[in-house]
Every structure is written in structure tokens, then in C-alpha cells.
Amino acid sequence: MKRRPAAELQRSYKEQRVLKEFMSNLFLLDLDELLQRFTKQLASLFHAEIAWVRLFDNEGKLRSRAVAGDKAIIKLLPISEVGKLVGRGKWMLEKRKPLTIRDMARDRARPIHSSIKACGLHGFLGAPLFDRDQRPLGVIFVMTRRPRHFVKRDVNLIEQFANGAAIAIDKARLFGEVQKKSKEAGEAYQAKSEFLNTLAHELRTPLNVIIGSLQLLVDGFYGAITEKQKSGLEMCERNAYDLRTLINEVLDLARVEAGRVPLVIEDFDLKEIIDELKSSYMDFCREKGLELKFRLEDSVPKLRSDKSKLKEILLNLLANAAKYTEKGEIEMRVRCSQDEPGDPDRARVAFSIRDTGLGIKSEDLPHLFEPFYMAEGVDRRKYPGTGLGLSITKRLVEILDGEIQVQSEWGKGSTFTVFLPLAHSS
Ligand code: ADP
């Protein structure tokens, strides 16, 4: 067996170590720092006077992004020059392969830049860079003072580095685009929420005046009215109330979506909330002939969260359960949920509100938490609504770092489950 000389083994070991280090930094460092380190490593690995990365900018011009090596030579290089694709770079990107030149001064096909000539650089090894869709990103190359015959193994090595660099550049560009898009989307969202907020305020004030005046009319404050007039006015009153509910919910949604809901985190006992929920819904359910049950398991400890937001979430879900159930029962169960789907290490508490009501069709389930979504096939005279309650509830759950799930069968009933961390991370 032919043994490799020790120096060669050592070189090979160093190459692998540098390559591994470069790859492990790919996702940690920002692009400029990564390329800076990368060129330094290339220069040292190839014992080259210069290692250089040039990339296309947004206008398709080739610009220097990182250069390393001999400082005296770097000073003389045309680093700030922005150029079209010519010479060696053009060749590599068009042929889509690495290029080695023993002596650039003797390469008639690709004339040498005067300043590179002035630096006294001769040997050249470079590789083109492409993104995942095979579009050109730029070039990397090393240059040596002495003419050098680069061998196949050098070409392989620079190709491996080029692949790594292309991934890093691609990733950085994608990340930049995503950041820009999400900033734009965030701004549009904010503007929409603010518009809704203003609009709802403008509507609510006159509507309150209308409701007040209608009540006075119905109560006979402005003089006696006939039964017919009374029933007409009552219809106006009912519609005005519905409109006010809608406006209030739009305002609520705008408020939570614009992030205008400061968190008040405190320790509290869930018993306190359950007692308050009981007193809000017991009478309503009894009158409707529904049984309302609460089960708080002993293992559930104190919670550290925003109490009033949690109460709003549970009130919304209980209100829906009571509204969409005609007979049977409603049960709210609270338990610890380490074994639930999600992160197994994080202790959570699960609130399940189960009813024996209308149920929800499977085709409606994916849309339930969208603003203004109301399930098909439900008699809306009997069950009026705005379709906003669940979207507000979901946003509130998310603000508390939680998750909401629903299971339901049409005609049989529904269970909404809210998972919250035992302690909010703030
Ligand atoms: P709203 O009740 O005002 O219409 P929600 O956002 O609270 O708005 O609910 C959206 C839709 O989800 C409702 O219109 C209803 O069709 C359905 N829904 C919500 N909760 C229940 C439930 N417990 N049982 C049956 N359907 C429900």
C-alpha cells in the first residue's frame, strides 16, 4: 500500500478541520463576518497572497464583499471598483466550473487588470457561486505571487468551500427578504388595526345616542306610542344592540391585533376564576335547562399569568357553549397536561370546555378562528353572532403563550381546549 507522506496527511487534516469549522459557522454568523473569516482561511489554506469574494449586488453589478491576505497587496487592489462581469469571473460563471491559471500574465484569453499586474500576482484558482435555483451569485478566488500549478485536489477543495459559501449567501439573502416582507406586513397590519379602531370609535358614539333615544321613545318619555309603533321601535333597538356588539368586538380585535393589550402577570389560584365564571353563567344555564359543571383537578397548582385575560378567554368559550347548546350539559375541566401534544418538558395547564350542543362540521373547523367566520348551516336568527369571538379568544391565548384546539362532531357537541404555560415567561 502506498503511504501518504506526513506533510500531505497534515495538510489534508488541516483542510478538513477548516472546512468543518466553516460549515459549522454557516448558520451562526452574519454573512459579512462569515465571508471575512472564510477568505482568511482560504488564504492560509492555499498559502495564497490574496483570497477574495465578489458578489452580485441588487443591480447585477459585481462588488467586493470580502478580501484577505497580504495587507500591502490588498491596499493596491481595486476593491471599491464595481464592475460588469469580465475576464476570469465571466469564464467561470458561463462555463459553471472552477478555473486554474498557472500565470495570469501569460493568459492571453483573459487579460489581467492593470492593478493586479502591479501587485505582482500570477497564480489563480477560483470557483463560481450559484444559488439553489442555479442563478449566479458571484465568484471566490485566490491569487498567488508566484506562478502556481494548482492540482485537482486544490480545485476540489475550493469547490467545496464555494458550495458552503453559496449556501450561506443564499440563506442570508432569503433571511433579508423575509425580514423585509414581515416588516411590510406588520406595518400594513398595524395600519389596518388603527383604521378599524378609529372607525369603530366613530361609530360607537352616535350609536349609543341612538340606543339611548330609542329606549326613551319605547318607555314613552316623549309621549304615548301605539303597540305597533312600540314593536317597530323595539326591532330598531334590537338591531342597534347587535350593531353595538359588532362594533365592540371589532374594537376588541383591533386592540389585541395591534398589540395594545398590556400584560399584567401575577400569581393566582384558579379557584378564584372558577367561582367568578360560575356566578356569571349558572343562572343563564339553569334557565336554559342546561347543567353546568366545573372540575378542577387537585394537582393543578397556582398559575402565573394574566388573570383578567384568562378570564376573558374562558368567558368567551363558556358563552359560546351556552349559546350553541339546547340540551344536556356544559363542563369545564382543568388539569395539568404534561402528556399533551406539544413540548413535553414544559408543564402546562389545560382548560377544556365541553358541550353537548350543535357541534361543528369538519369543513368549518379549519376556519373557525378566522375573523368574521360563522359556520354554515346554523340558523342565524336563532343564533345571531359576529364571528369575531373565537378570533379574539385565539389572539388572547397567543398573547399568553398558549394554544387553543377544538374537537367537534356535528350534532353531538364540541370541546374547546386551551393550553397555557403554568408560568408565563415574562
Ligand atoms: P359568533 O359566535 O359571534 O358567531 P365566534 O367567533 O365565537 O362567533 O364563533 C364562530 C362560529 O363558530 C360561530 O358562528 C359558530 O358557528 C361556531 N361555534 C363556536 N363555538 C361553538 C360551539 N360551542 N358549538 C357550536 N358551534 C360553535
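The two residues Ala127 and Ile158 have their closest heavy-atom pair at CB-CG2, 4.0 Å. Summarising the geometry of Ser408 relative to Ser414, their closest heavy-atom pair is OG-OG, 2.9 Å, with the distance given to 0.1 Å.
The closest donor-acceptor contact from the side chain of Asp131 to the backbone of Asp133 lies under 3.5 Å. Of the possible polar contacts, none joining the Glu49 side chain to the Cys119 backbone as a donor-acceptor pair under 3.5 Å is found. Checked by atom type and distance alone, the side chain of Ser305 never pairs as donor or acceptor with a backbone atom of Lys307 at under 3.5 Å. Checking side-chain atoms of Lys97 against main-chain N and O of Trp91 turns up no donor-acceptor pair under 3.5 Å. Listed for the Lys394 side chain is no donor-acceptor partner under 3.5 Å among the backbone atoms of Ile404. Between the side chain of Thr325 and the main chain of Asp355, no donor-acceptor pair closer than 3.5 Å is present. Looking only at distances, a side-chain donor or acceptor of Asn239 sits under 3.5 Å from a matching main-chain atom of Met235.
Relative ring orientation between Phe46 and Phe150 is described as perpendicular, the plane-to-plane angle rising above 60° on a 0-90° scale split at 30° and 60°. The aromatic rings of Phe369 and Phe416 stand perpendicular to each other, their planes meeting at an angle above 60°, with 30° marking the opposite boundary.
Ionic pairing of Asp267 and Lys302 is not present here: no N-O contact between side-chain nitrogen and carboxylate oxygen is shorter than 4.0 angstrom. In this structure, Glu276 pairs ionically with Lys311, as a charged nitrogen and a carboxylate oxygen lie closer than 4.0 Å. A salt bridge links Arg295 to Glu331: at least one charged side-chain nitrogen sits closer than 4.0 Å to a carboxylate oxygen. For the pair Asp283 and Arg286, the salt-bridge criterion is met [side-chain N within less than 4.0 Å of a carboxylate O]. A salt bridge is absent between Arg238 and Glu234: the closest approach of a Lys/Arg side-chain nitrogen to an acidic carboxylate oxygen does not fall below 4.0 angstrom.
For the pair Phe268 and Asp306, the minimum side-chain heavy-atom distance is 4.5 Å or more. In this structure, the side chains of Cys285 and Ile330 come closer than 4.5 Å at one or more pairs of heavy atoms. With contacts defined as side-chain heavy-atom distances shorter than 4.5 Å, the pair Phe419/Asp401 does not qualify. No side-chain heavy atom of Val53 sits less than 4.5 Å from a side-chain heavy atom of Val67. Counting heavy atoms from C-beta outward, Arg96 and Gln134 have side chains that approach closer than 4.5 Å. Side-chain contact check for Leu388 versus Asp252: every heavy-atom pair is 4.5 Å or farther apart. Contact annotation: the side chain of Leu157 approaches that of Leu45 to within less than 4.5 Å [non-hydrogen atoms, C-beta and beyond]. Taking 4.5 Å as the limit, some side-chain heavy atom of Leu422 sits within range of a side-chain heavy atom of Leu303.
Annotation: ring-ring contact (aromatic ring centres under 6.0 Å, His included) contacts of Tyr281 (sequence neighbours excluded): none. For the ring-ring contact (aromatic ring centres under 6.0 Å, His included) test, no residue two or more places apart in sequence or in another chain qualifies with Tyr241. For Pro384, the side-chain contact (heavy atoms from CB on, under 4.5 Å) test picks out no residue, with sequence neighbours left out.
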Exercise. Show the numbers, then the answer: is there a side-chain hydrogen bond (donor to acceptor under 3.5 Å, both in side chains) between Thr417 and Arg354?
Key: CA-CA 8 Å; Thr417 306; Arg354 181 181 60 79; over 6 Å; no

Practice problem: Please assess Asp154 against Thr100 for the test side-chain hydrogen bond (donor to acceptor under 3.5 Å, both in side chains), listing each intermediate value before the final yes or no. | Solution: CA-CA 9 Å; Asp154 296 319; Thr100 63; over 6 Å; no

Exercise. Determine, stepwise, if the pair Glu249 / Thr386 fulfils side-chain hydrogen bond (donor to acceptor under 3.5 Å, both in side chains).
Key: CA-CA 8 Å; Glu249 292 196 350; Thr386 58; 2.3 Å; yes

Quiz item: Would Gln405 and Glu403 count as a side-chain hydrogen bond (donor to acceptor under 3.5 Å, both in side chains) if you check the C-alpha gap in whole Å, the side-chain angles of each, and the deciding distance to 0.1 Å?
Solution: CA-CA 7 Å; Gln405 292 174 0; Glu403 191 190 340; 3.0 Å; yes

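Of the candidates Ile247, Leu246, Asn248, Arg244 forms a side-chain contact (heavy atoms from CB on, under 4.5 Å) with just one, namely Asn248. If you run side-chain contact (heavy atoms from CB on, under 4.5 Å) between Ile50 and each of Thr39, Ile74, Val142, only Ile74 comes through.
In this structure, Arg88 is positioned above the aromatic face of Phe124, its NZ or CZ under 6.0 Å from the six-membered ring centre and within 45° of the axis.
Around the NZ atom of Lys309, the shell of radius 6.0 Å holds more than 12 heavy atoms that belong to other residues, nucleotides or ligands. Within a 6.0 Å radius of NZ in Lys40, other residues, nucleotides and ligands contribute 12 heavy atoms or fewer.
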